[in-house]
2 protein chains.
Amino acid sequence: MTDSSSPPPAPAAPPAAPTKPRREQIHEVASRLFSERGYHATSMRDLAGQLGMQGGSLYAHIASKDELLIGIVDRAARQFDGALFTLRGDSLPAPEKIREAMHRHIRVVADNMESATVFFHEWKHLSPEAYTRVTNWRDTIDAFYRDLVIQGIKEGSLRPDLDPKMTANLILSAVNWAYTWYRPGGSMTPRDVAEQYADMLLTGLQAAPVSAGPERP
Amino acid sequence: MTDSSSPPPAPAAPPAAPTKPRREQIHEVASRLFSERGYHATSMRDLAGQLGMQGGSLYAHIASKDELLIGIVDRAARQFDGALFTLRGDSLPAPEKIREAMHRHIRVVADNMESATVFFHEWKHLSPEAYTRVTNWRDTIDAFYRDLVIQGIKEGSLRPDLDPKMTANLILSAVNWAYTWYRPGGSMTPRDVAEQYADMLLTGLQAAPVSAGPERP
DNA sequence: CGCGTCACCTAACGGGCGTTTGGTTTGTCC
DNA sequence: GGACAAACCAAACGCCCGTTAGGTGACGCG
């Protein structure tokens, strides 16, 4: 609509390229369509139509439909990776670390709603190599949260009777499920969500007993 | 393998029919394939092949592929409904009610892993009427948990500073996400999962402060 | 014995799929 | 002004999809 001649290729300065426009546009629109309709329910002609071109013309920019999915999922995985693994070194107490990890995790989901949705929904349709890559990667995320809980139990900041595996499951449920309900335009920032979730998880939903007496007041 | 002549039609007693075998077999296999591969990645010929028949022969028993999906999703929704809505009348304190609702919710997921997976994954591909039906139904489930939290705050059994919407989101995250990791053959029963989750959620992950003093000992 | 019915097969239908091919336009650089 | 590449179109490729139509054998019932 606005400008039909999309990219001025910057003729004199190609070394540090300004952006790669068309290929990235395709990936972006594919993220949107795959997340809205699903991978198999999106045809290459649908995708091309949204970009104002013909189905076959896509193949001047990309190699195949599979490669598109792999690109989207890998990119999402790298986002999670980059957000969480810088935390491994930090020496915060476990509750603070859990709070911070949840914040970063939810922010990645919130900032990449479309590719995160594709990541959680369509990873089963990846080619075998990409499939096992993603599966292994998810195991390391599980382990990250599990180790975090174990550390907290050891240092005494978390309840000693916790099952680390189940605790990690619970935390992951909270942060991952966000892709189903969070809407970036709404009133809550990713930080708001993470703070509320972490508060509820760490200190519990139950009202504190009425201070003094152990039974009736 | 075992018996190839499947159903003796019980000629003298058709009034209260014994079972409807073939149609149900198709629904069961479809649940499995849809949950494993996704709706659009499962062809009617795949489905028929698993039942030892030809693609076209399915249409002697079912009307269409859409109808299959609708049947599976509706059945799953009815399971959740039946499990949760008998709780509306009970006059338990909110924490107990949350614990019980989580237990029932997880049990439905665990006892119907395949149709639950289809329910959570493929509802976007329903026909328009079934789509809005499922969407509305999910809203009532959200409201159920939200009201439960509101009741708990009113009666003083839950923290007064909770956001009911977000608290319901957290509970739903835990019980719904179970479909991604729970395996019925494993060492944990649905009750084990629910008890652990409810304990963690209600009383919190953090270790209790060192008993006596309000500040440093 | 003939009739109906059930469960299934074979074959085909129109259409959409991912992808390839060859050609046309457009714009830049020498 | 001629070479060149990028971006795209139009058309076709073989294949698979959901679904339909007509036919066939087995079986129970009057």
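Protein chains get the first letters and strands the later ones, always in sequence-line order, with residue 1 at the start of each. Computation of the quantities below employed the complete heavy-atom set of this structure, encompassing side-chain atoms and omitting hydrogens, waters and symmetry-equivalent molecules.
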- request: Would you list the pairs meeting side-chain hydrogen bond (donor to acceptor under 3.5 Å, both in side chains) in which at least one residue belongs to residues 68-88 of chain B, sequence neighbours left out?
  value: B:Asp74-B:Arg133, B:Gln79-B:Asn112, B:Asp81-B:Trp137, B:Thr86-B:Arg104
- line: Rounded to whole Å, CD1 of B:Ile26 lies from C1' of C:dC8 at a distance of 11 Å
task: May I ask you to decide if the ring planes of B:His105 and B:Tyr145 are parallel, tilted or perpendicular, using 30° and 60° as cut-offs?
output: tilted
field: Results of salt bridge (charged side-chain N to carboxylate O under 4.0 Å, His left out) for B:Arg146 - residues two or more places apart only
entry: none
query: Contacts to DNA chain C from residues 29-48 of chain A, heavy-atom cutoff under 4.0 Å, which residues?
result: A:Thr42, A:Ser43, A:Met44, A:Arg45
Partners passing side chain to side chain donor-acceptor pair (under 3.5 Å) against B:Thr132 (at least two apart in sequence or in another chain): none
Result block: side-chain N/O donor-acceptor pairs under 3.5 angstrom for residues 65-72 of chain B, not counting sequence neighbours:
unit_1	atom_1	unit_2	atom_2	d
B:Lys65	NZ	B:Tyr39	O	3.1
B:Lys65	NZ	B:Thr42	O	2.8

message: Counting only heavy atoms and a strict 4.0 angstrom limit, can you tell me which residues of residues 54-66 of chain B come near DNA chain C?
response: B:Gln54, B:Ser57, B:His61
query: Is it the case that more than 12 heavy atoms not belonging to A:Lys124 sit under 6.0 Å from its NZ atom?
result: yes
field: N or O in side chain of A:Arg22 less than 4.0 angstrom from D:dC8 OP1/OP2
entry: yes
task: Nearest whole angstrom, please: distance from the C1' of D:dT19 to the CD of B:Glu67.
output: 14 Å
task: Check whether any side-chain heavy atom of A:Trp181 lies under 4.5 Å from a side-chain heavy atom of B:Asp142, and answer yes or no.
output: no
field: B:Leu51 CG - C:dC9 P separation (whole Å)
entry: 10 Å
message: Can you confirm whether or not the ring centre of A:His121 sits under 6.0 Å from the ring centre of A:Phe34?
response: no
